[in-house]
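To start, the structure itself, in structure tokens.
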Amino acid sequence: MSAELRITLAGAERVVAAGTTAGQALEADGRTVIAARVNGEPRDLAHPLAEGDAVEPIEISSDEGRAIVRHSTAHVMAQAVQELFPEAKLGIGPPVENGFYYDFDVAQAFNPDDLKRIEKRMREIVKQGQLFSRRPVSDDEARAELAAEPYKLELIGLKGGAAEEESVEVGAGQLTIYDNLDAKTGELCWKDLCRGPHVPSTRSIPAFKLMRSGGAYWRGSEKNPQLQRIYGTAWESRDKQDEYLKLLEEAEKRDHRKLGAELDLFSFPPELGSGLPIFHPKGGIIRKEMEDYMRRRQAEAGYEFVNTPHITKSSLFETSGHLPWYADDMFPAFELEGVDYRVKPMNCPMHNLIFRARGRSYRELPLRLCEFGSVYRYEKSGVVHGLTRVRGMTQDDAHIYTTREQMADEIKSLLRFVLSVLRDFGLSDFYLELSTRDDSEKFIGDPAEWEEATEALRQVATESGLTLKDDPGGAAFYGPKISVQAKDAIGRTWQLSTIQLDLNQPKRFGLEYQAADGSRQTPVMIHRALFGSVERFLGVLTEHYAGAFPPWLAPVQVVGIPIAEAHVPYLHDVAKRLRASGIRVEVDAADDRMQKKIRNAQKAKVPFMLLAGDDDIANGAVSFRYRSGEQKNGVPVDEAIAEIVNAVERRVQV
RNA sequence: GCCGACGUAGCUCAAUCGGCAGAGCAUCUGUCUUGUAAACAGAAGGUCAGGGGUUCGAUUCCCCUCGUCGGCUCCA
């Protein structure tokens, strides 16, 4: 055995003594470099190197490094929990985006006080600098050591078999246990089944915080027992963590449920029932602007406008396949004159009837039917959430019927159309998700046709140049879909538009057109919702703009604020001229002082305040105050009107 | 649907270890007439989410329902 090893260190050849660990080779301090990548595999710093190994550092501030810190923090949390709650059984504890969690089986759910105690104990453990020490074990040894951990035993049982999906507990190869050792005495403090890697010492965890707890089903299935999950966050520095916590605060300020009430846009009266919003006049204006704009764009893009009722005989949904496949998401039937009726959860079956209302020619295709259709879905009580998850909503729904030959081109132009409209609403950062079927029972139709439809979508998505993520099993029951995910102003992503291909419903409805050669053909059907739902889109826009809508969408575009009561008539005059230009303007003639009126308008996030006092009137001018607090005094009224109209017409943010 | 927390005036929040329910803002009425984020005064506003139970007495303790919030599962 040679006393030396040749390795590749960060790309350069090096010779090191036999027995050198990855950490020694990297001269890692366990602070900035917390793990290593050996031959492409993430490893502990204590990993001993072999001849020919290629070693690279994993820095704590990289995505991979953070995940390791978070995973290690999850271990520290589990240790603290088991010290404080000895009866707690371990579930799983992986790193996730921005943090980590660990699931526990405990008799009693954790309360906020428990979290404080756990966090306090964690800080002590971190301070002690316990060492993470890896130890390979055989399956039988693992079973013996973890005899008191039923969930871990289950994971060991899954290993190699069904556990194709790699978890953080059991990898593909040999099982390993990580021991947490006292830094001074080497005494065993805690251990967990885990494939690692981990930071070398609990001291390598610079910043963490427990966030919240909640129930979570074991292995993600509602058929399994429910465990208690604790979420935490961990970062490479206190500063980074504070930055993240600040982002959460910012998100809270933007919460559309809160802004919706503050800005008097909409509400959810308990009298109506959960998930059923009502839109107040100011919210109504935003909706109207959204809808008007969509109508205009659709008219330009060759859509035809249709209307369909909210309820229908149940049999229609037998034909469409909704009742066999989607009934759990529908409101229950009600009987009328001996016939069952249903409230519609989707508009497509009705649009199919419009297609079928008379004979169709290939010359009419693509036929684009669109409607702001009210649909109602039975969302389970625990999932209803503001405007983003409601039980009654309006879809800007379109169904496009094409020939198979036209399909690809139509999808392509459709995607372009969708992105162009979203951009006009101020969203610019997108990626696509391709939702496909899997082997489960919830999908109807011929897998070969699914394959064809999926490929058509994939090709268009790929050609768009946008990032494409796969979402296996996420399709609708009748066909695959592309969904457009948009990032908002603070980097959160929202699912908005969907484009779904449907080879099933046309058949189920017996839809036909006559082709050029006289034969009868079945059209392809494309479902498209651009906003997703008007409600959700309005909610997303509210959060994106933090309630400060661009002038074209702002419920009140201009507020006139007189310096003194005597200036009110002058502002009414200016307002009249603004109204004549289609601007939504109010004059605040209330008994408040000017400063108070400014404060009110500011809180209402009105884009333009127009002030007028003696000086302005003398010059036929007004003075602007913008949302930023910036002001522009003595602007001639004509110019002021032009500036406002221009901002509205160009749909810019101010 | 499941686990947990919560529900007091239009809003934000106090208080009552079981004994007359309180503030600020908003609203209304007056006074004041003001140059870029809150003038002053007064009035009005509550079946303490709803229902049931325990108790001499329940906003307070217990149960149920509804709703909200945070998770899980599911989704536009």
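The chains referred to below are lettered A, B, ... by the order of the sequence lines, with proteins before strands, and numbering in each begins at 1. Note that the coordinates shown come from a computational prediction; the quantities given were computed from them, not determined experimentally.
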Can you check whether any acceptor in the base of [N] is under 3.5 Å from a donor in the side chain of [X], or vice versa?
{"X": "A:Tyr217", "N": "B:G71", "result": "no"}
{"X": "A:Glu222", "N": "B:C2", "result": "no"}
{"X": "A:Ser623", "N": "B:G35", "result": "yes"}

Which part of the nucleic acid, if any, lies within reach of [X] when heavy atoms closer than 4.0 Å are counted: base, sugar-phosphate only, or nothing?
{"X": "A:Ala109", "value": "sugar-phosphate"}
{"X": "A:Gly214", "value": "base"}
{"X": "A:Asp616", "value": "base"}
{"X": "A:Val375", "value": "nothing"}
{"X": "A:Lys442", "value": "sugar-phosphate"}
{"X": "A:Asp614", "value": "base"}
{"X": "A:Met594", "value": "sugar-phosphate"}
{"X": "A:Phe110", "value": "nothing"}
{"X": "A:Gln228", "value": "sugar-phosphate"}
{"X": "A:Asn633", "value": "base"}
{"X": "A:Arg229", "value": "sugar-phosphate"}

When you compare [N] with [M], how far apart are their [atom1] atoms, in angstrom units rounded to a whole number?
{"N": "B:C2", "M": "B:A21", "atom1": "P", "answer": "37 Å"}
{"N": "B:A15", "M": "B:A76", "atom1": "C1'", "answer": "44 Å"}
{"N": "B:C62", "M": "B:G18", "atom1": "P", "answer": "11 Å"}
{"N": "B:G46", "M": "B:U59", "atom1": "C1'", "answer": "11 Å"}
{"N": "B:U65", "M": "B:C11", "atom1": "P", "answer": "25 Å"}
{"N": "B:U8", "M": "B:A44", "atom1": "P", "answer": "24 Å"}

Would you kindly give the [atom1]-to-[atom2] distance between [X] and [N], to the nearest whole Å?
{"X": "A:Glu271", "N": "B:G50", "atom1": "CD", "atom2": "P", "value": "12 Å"}
{"X": "A:Leu265", "N": "B:G10", "atom1": "CG", "atom2": "C1'", "value": "16 Å"}
{"X": "A:Gln595", "N": "B:A38", "atom1": "CD", "atom2": "C1'", "value": "9 Å"}
{"X": "A:Trp218", "N": "B:U73", "atom1": "CH2", "atom2": "P", "value": "13 Å"}
{"X": "A:Leu611", "N": "B:U34", "atom1": "CG", "atom2": "P", "value": "15 Å"}

For the student: nearest non-hydrogen atoms of [X] and [Y], plus distance:
{"X": "A:Gly284", "Y": "A:Phe279", "value": "N-CB, 4.3 Å"}
{"X": "A:Leu457", "Y": "A:Ile482", "value": "O-CD1, 3.5 Å"}
{"X": "A:His280", "Y": "A:Ser267", "value": "NE2-OG, 2.7 Å"}
{"X": "A:Met290", "Y": "A:Phe531", "value": "O-CZ, 3.7 Å"}

Check: A:Ala621 main-chain N/O paired with A:Asn619 side-chain donor or acceptor under 3.5 Å: no
A:Arg528 side chain vs A:Asp396 backbone, donor-acceptor pair below 3.5 Å: yes
Sequence-distant partners of A:Tyr217, ring pair (Phe, Tyr, Trp, His ring centres under 6.0 Å), two or more places apart: none
Comparing A:Gly613 and A:Gln495 on RNA chain B - which has the more 5′ nearest nucleotide: A:Gly613
Nearest-nucleotide comparison on RNA chain B, the residue closer to the 5′ end among A:Leu387 and A:Phe624: A:Phe624
Nearest listed nucleotide, side chain of A:Lys380, among B:U73, B:G35, B:G4: B:U73
Listed nucleotide nearest any side-chain atom of A:Ile563, set B:G35, B:G70, B:U36: B:G35
Where protein sits on nucleotides 24-32 of chain B, one letter per nucleotide: B base, S sugar-phosphate only, - none, heavy atoms under 4.0 Å: --S----BB
Annotated protein contacts, base or backbone, on nucleotides 60-68 of chain B with a non-hydrogen cut-off under 4.0 Å, one of B, S, - each: -------SS
May I ask you to decide if the ring planes of [X] and [Y] are parallel, tilted or perpendicular, using 30° and 60° as cut-offs?
{"X": "A:Phe104", "Y": "A:Tyr102", "value": "parallel"}
{"X": "A:Phe110", "Y": "A:Phe85", "value": "perpendicular"}
{"X": "A:Tyr293", "Y": "A:Phe425", "value": "perpendicular"}

Sequence neighbours excluded - side chain to side chain donor-acceptor pair (under 3.5 Å) pairs with any residue from residues 487-499 of chain A: A:Asp488-A:Arg492, A:Asp488-A:Trp494, A:Arg492-A:Glu543
Short side-chain N/O contact to B:A37 OP1/OP2 from A:Arg625, under 4.0 Å: yes
Watson-Crick or G-U pairs under 3.5 Å in RNA chain B, rendered as dot-bracket with [ ] for crossing pairs and | for another strand: (((((((..((((.....[..)))).(((((.......))))).....(((((..]....))))))))))))....
Nucleic acid contacts of residues 472-490 of chain A, taken as heavy-atom distances under 4.0 Å to RNA chain B: A:Lys481
